[in-house]
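Quick notes on the structure that follows.
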Number of protein chains: 2
Amino acid sequence: MPSPLIRKLENFTKLSDDDKLALDKATRQVRVYPAREDIICEGDCPEAVILLIEGWACRCKTLEDGRRQIMAYFVPGDLCDINVFILRQMDHSISTLTPATIALIPRDTMLDLMAQHPRITQALWWSTLVDEATLRAWVVNLGQRSAYERAAHLLCELFYRLRAVGLTNGKSCILPITQGELGDTLGLTIVHTNRMLQDLRRDSLVELRGRHLTILDLDALQKVAMFSPGYLHLEHEGEALDANQRQQT
Amino acid sequence: MPSPLIRKLENFTKLSDDDKLALDKATRQVRVYPAREDIICEGDCPEAVILLIEGWACRCKTLEDGRRQIMAYFVPGDLCDINVFILRQMDHSISTLTPATIALIPRDTMLDLMAQHPRITQALWWSTLVDEATLRAWVVNLGQRSAYERAAHLLCELFYRLRAVGLTNGKSCILPITQGELGDTLGLTIVHTNRMLQDLRRDSLVELRGRHLTILDLDALQKVAMFSPGYLHLEHEGEALDANQRQQT
DNA sequence: CGCCGTGTTGACTATTCTCAACCCAGGTGG
DNA sequence: CCACCTGGGTTGAGAATAGTCAACACGGCG
């Protein structure tokens, strides 16, 4: 079974056995967290990069008056904050949503890894840029789409991302988050989120019972959401770049 | 007069004369665009980094049905898309808002610059991370704040950013964008944007006539917006890092 | 058993959008 | 010079969307 990180990075480019070994070695020390716990808090100065191995986590920010916005979901294989260790302190928190297993990759290990494995470096860059593109997609989602479209868009994105790391089963996947959390993501109240999800069910686009999500009609769902998966860059587009790199080095 | 890029990067760290010379040299070839023109369109594959020297530009995305979301503003000194040249194609456009002067820094020049000037590289990283933090702040803005707070927050951010590149005059600055564009940024209709701006004026927080913005009471404006400028990382925090770097190299 | 967290519902309110009109300044062409 | 046009900005009235509050259902768990 490949680690989810390797599986994820190979969505972008082909890694050598040596690359994979180095990644495995760097992510061997793991730590377990319960659900709904901060891994890093706003104001902390992070010294290591967090790799999520199992479970779900999120990047979120709470305003002074308690309103909370989730700004990213992390699923197994995701690196939370590859880069923040350049900045002085976190302007948001990373919290678990479910019980989670993480590996902490110390700053220096990370730098070594990047110095010695150019393909890993490229893949990490790619991963950063995908994260940024995702964030932009969320800005569009929050700014321009209706509540119903917004919910549809989020479900599309999560389904694609889970599929890319092998966490789907046909049209289904586990979605271990509450409607409250979805609401904090979509900028909606919990009540309205609930109604939008019901509408999506009523329109036979999805089935959502307990933690189990089934996309009944992905095409139709994408259409109402105006979702196009391009921004997730899951099409192995690094292969050309990999060739480039050989020329340049 | 220092170039706005150098001024901006020096918000983060001190550059040597040699660094500055290299930057000047790399940004000598300029190009002029009229207002409201695409510099790069969605779908294009960019081959150079765009440095905005004069005027305003934005990053924006238009949905199939015409709804548009502005995802970032660029003011003089800003680099639009330092990194996108890793990805295959743009998932959004970069457009001018006013007549603008830009420099195109070819991919290779950029790579050379980064290879030979570690402080520039650091500063560029910092700039990328600030862009990301800004995007996160926008997600929070769109997701959690009311229309009124959202408008206040945007004005705070723009004022701080303009001040950091020397484009303010006391409490005033030039804001060369229409209410329609503000609306596309805030996820509001033009009508509602107009009313929120009027409310901000009525509450004596800002004065906005023509292209001229005056912040009458910055503290109060920040308070209603729940704005804290930390995410812009304008506090010269790279100086410590600069020392670090000397140790490591 | 009873409690708690999550999901669901209904009635009412607030916010935001839509549409349509009008104002005004600046630029253009006659 | 004026008439006209255009692109912003502004206003009002009514409709649609989303929020609030309060209640209840249901399953898991101590």
Side-chain angles (χ1 to χ4, degrees), chain A residues 34-37 56 63 65-70 96-99 141-155 174-203 206-213 224, chain B residues 34-37 56 63 65-70 96-99 141-155 174-203 206-213 224:
Chain A
R36 288 153 211 244
E37 185 123 328
W56 284 50
L63 296 180
D65 63 356
R67 283 179 269 176
R68 182 174 80 140
Q69 177 68 39
I70 293 179
T96 60
L97 292 166
T98 68
N141 209 24
L142 289 166
Q144 298 304 319
R145 279 186 262 258
S146 69
Y148 180 79
E149 297 166 334
R150 230 140 58 181
H153 195 274
L154 180 59
L155 294 183
I174 302 290
L175 198 72
I177 52 185
T178 66
Q179 295 187 359
E181 284 150 356
L182 285 175
D184 286 346
T185 310
L186 298 169
L188 300 173
T189 57
I190 188 169
V191 173
H192 204 60
T193 304
N194 178 275
R195 296 194 164 122
M196 294 304 104
L197 292 174
Q198 286 180 52
D199 288 353
L200 288 171
R201 277 182 294 215
R202 181 203 55 197
D203 299 342
V206 306
E207 217 172 278
L208 187 52
R209 268 201 324 274
R211 314 271 87 132
H212 224 84
L213 168 69
V224 311
Chain B
R36 288 154 211 246
E37 185 125 326
W56 283 50
L63 296 180
D65 64 356
R67 282 178 269 176
R68 183 173 78 138
Q69 176 68 39
I70 294 179
T96 60
L97 292 166
T98 68
N141 210 24
L142 289 166
Q144 298 303 320
R145 278 185 263 258
S146 69
Y148 180 78
E149 296 166 333
R150 241 181 300 188
H153 195 276
L154 180 59
L155 294 183
I174 302 292
L175 198 72
I177 52 185
T178 66
Q179 295 187 358
E181 284 150 356
L182 285 175
D184 286 346
T185 309
L186 298 170
L188 300 173
T189 57
I190 187 168
V191 173
H192 204 61
T193 304
N194 178 276
R195 296 204 234 257
M196 294 304 103
L197 292 174
Q198 284 181 53
D199 287 353
L200 288 171
R201 278 183 294 218
R202 182 204 55 197
D203 299 341
V206 307
E207 216 172 279
L208 186 51
R209 268 200 324 275
R211 314 271 87 131
H212 224 83
L213 169 69
V224 312

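Letters A, B, ... mirror the listed sequences (proteins, then strands); counts begin at 1. Model, not experiment: these values are computed from the prediction.
When distances are taken from the side chain of R150(B) to each of dA22(D), dG12(D), dT16(C), the shortest belongs to dT16(C). Listed nucleotides dG19(D), dC17(C), dC21(D) differ in distance to L188(B); the shortest reach to its side chain belongs to dC17(C). With dA22(D), dG8(D), dA20(C) as the candidates, the nucleotide lying closest to the side chain of T178(B) is dG8(D).
Spacing between atom NE2 of H192(A) and atom P of dA16(D) amounts to 15 Å, rounded to whole angstrom units. Here the C1' atom of nucleotide dG5(C) and the CD1 atom of I177(A) are 16 Å apart, to the nearest Å. Nucleotide dT10(D) holds its P atom 11 Å from the CZ atom of R195(B), rounded to whole Å. Distance, L186(A) CG to dA18(D) P: 11 Å, rounded to whole Å. Here dG7(D) presents its C1' atom at 16 Å from CG of L97(B), a figure rounded to the nearest Å. Atom CG of L175(A) is separated from atom C1' of dG7(C) by 14 Å (rounded to the nearest Å). Nucleotide dC26(D) holds its C1' atom 15 Å from the CZ atom of R209(A), rounded to whole Å. Counting to the nearest Å, the P atom of dG19(D) and the CZ atom of R145(B) are 16 Å from each other.
Considering CD of Q69(B) and CG of L142(B), their distance stands at 5.5 Å, rounded to 0.5 Å. Atom-to-atom distance recorded for M196(A):CE and L182(A):CG is 13.0 Å, nearest 0.5 angstrom. Taking CZ of R145(B) as the start and CG of L186(B) as the end, the distance is 11.0 Å to the nearest 0.5 Å. Once rounded to the nearest 0.5 Å, the distance linking CD of E207(B) with CG of L213(B) reads 9.5 Å.
When heavy atoms are screened at a 4.0 angstrom cut-off, G183(B) is found touching no nucleic acid atom at all. Within the 4.0 angstrom heavy-atom criterion, only backbone atoms of the sugar-phosphate kind lie near R36(A); the bases stay farther away. At the heavy-atom level, I190(B) lies nowhere under 4.0 Å from the strands shown. No engagement by G210(B) is indicated, since no non-hydrogen atom pair under 4.0 Å with the nucleic acid exists.
Using a distance-only test at 3.5 Å, with no hydrogens or angles considered, no donor-acceptor pair links the side chain of T185(B) to the main chain of I70(B). In this structure, the side chain of T96(A) does not engage the main chain of P99(A) through any donor-acceptor pair within 3.5 Å. Checked by atom type and distance alone, the side chain of T98(A) never pairs as donor or acceptor with a backbone atom of A35(A) at under 3.5 Å.
Listed by residue number, the members of residues 196-203 of chain B with any heavy atom below 4.0 angstrom from DNA chain C form an empty set.
At dG9(D), one or more side-chain N or O atoms of R211(B) fall inside 4.0 Å of OP1 or OP2 (strictly under the cut-off). OP1 or OP2 of dT10(D) sits under 4.0 Å from a side-chain N or O of Q179(B). Note on N194(A): every side-chain N or O is 4.0 Å or more away from OP1 and OP2 of dG7(C).
Only one option out of R195(B), R202(B), R201(B) pairs with D199(B) in a salt bridge (charged side-chain N to carboxylate O under 4.0 Å, His left out); it is R202(B).
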